[in-house]
Amino acid sequence: VNLWDVTDISSSSKVSKQGAVPKKDDEDWLIKTYEDHDITRSVYSVAWGCGKDPFVFASLSYDQSSYAVISRAPKKDIEKILFNV
């Protein structure tokens with residue numbers, strides 16, 4: 001499961017006077033890769049939490065049995081979003 005930084009894409013402070021978002025390589029947008037699912041399983045769904053901790057998400061995979069993983073966005077990226085640093 002890949003966690004991508006889309007706040008940079010949607011942030012108006014990143015837009016130049018010509019209205020273009022600066023080009024970045026894919027690895028610049030990638031925050032973290034979570035490798036908690038077995039390589040033989042496909043991830044079928046990911047859902048963000050809400051309420052008390054919106055930075056938690058769950059991913060679901062299954063082959064012969066169901067497998068759910070609960071993860072959290074990295075603290076440094078949460079602080080970047082909340083405190084605009």
Side-chain angles (χ1 to χ4, degrees):
V1 175
N2 290 330
L3 181 61
W4 297 92
D5 181 357
V6 294
T7 57
D8 274 351
I9 296 170
S10 64
S11 175
S12 62
S13 66
K14 303 290 183 184
V15 178
S16 68
K17 290 181 182 178
Q18 292 79 20
V21 176
K23 176 115 172 81
K24 291 172 113 178
D25 293 329
D26 282 345
E27 56 269 5
D28 292 335
W29 301 107
L30 181 63
I31 293 174
K32 183 174 180 178
T33 297
Y34 294 85
E35 298 178 358
D36 299 318
H37 292 280
D38 186 332
I39 193 73
T40 61
R41 298 173 189 226
S42 296
V43 174
Y44 288 92
S45 183
V46 176
W48 282 99
C50 60
K52 202 168 193 175
D53 192 352
F55 297 100
V56 170
F57 61 95
S59 51
L60 175 68
S61 66
Y62 59 90
D63 50 9
Q64 296 168 340
S65 61
S66 297
Y67 188 67
V69 175
I70 307 296
S71 303
R72 192 167 199 275
K75 185 176 180 175
K76 68 176 182 66
D77 295 295
I78 294 171
E79 290 171 351
K80 181 178 153 186
I81 293 166
L82 293 177
F83 303 117
N84 200 20
V85 288

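Taken to the nearest 0.5 Å, the OG atom of Ser71 stands 15.0 Å off from the CZ atom of Phe55. The structure places CH2 of Trp4 at 10.0 Å from CD1 of Ile31, a figure rounded to the nearest 0.5 Å.
In this structure, Ser42 and Ser61 approach most closely via the heavy-atom pair O-CB, 3.0 Å. The shortest heavy-atom contact between Val43 and Val1 is CG2-CG2, 3.9 Å.
In this structure the side chain of Pro74 reaches within 4.5 angstrom of the side chain of Leu3, judged on heavy atoms.
Contacts of Ser45 classified as side-chain hydrogen bond (donor to acceptor under 3.5 Å, both in side chains), with partners at least two apart in sequence or in another chain: none. Partners of Asn2 under the side-chain hydrogen bond (donor to acceptor under 3.5 Å, both in side chains) rule, at least two apart in sequence or in another chain, are Thr33. Under the salt bridge (Lys or Arg N to Asp or Glu O under 4.0 Å) criterion, Asp53 pairs with Arg72, not counting sequence neighbours. In this structure Tyr34 satisfies the ring pair (Phe, Tyr, Trp, His ring centres under 6.0 Å) test together with Phe57, sequence neighbours excluded.
Cluster annotation: Phe83 is connected to Ile78 through the hydrophobic network of ILVMFWY side chains, with a link wherever side-chain heavy atoms come within less than 4.5 Å.
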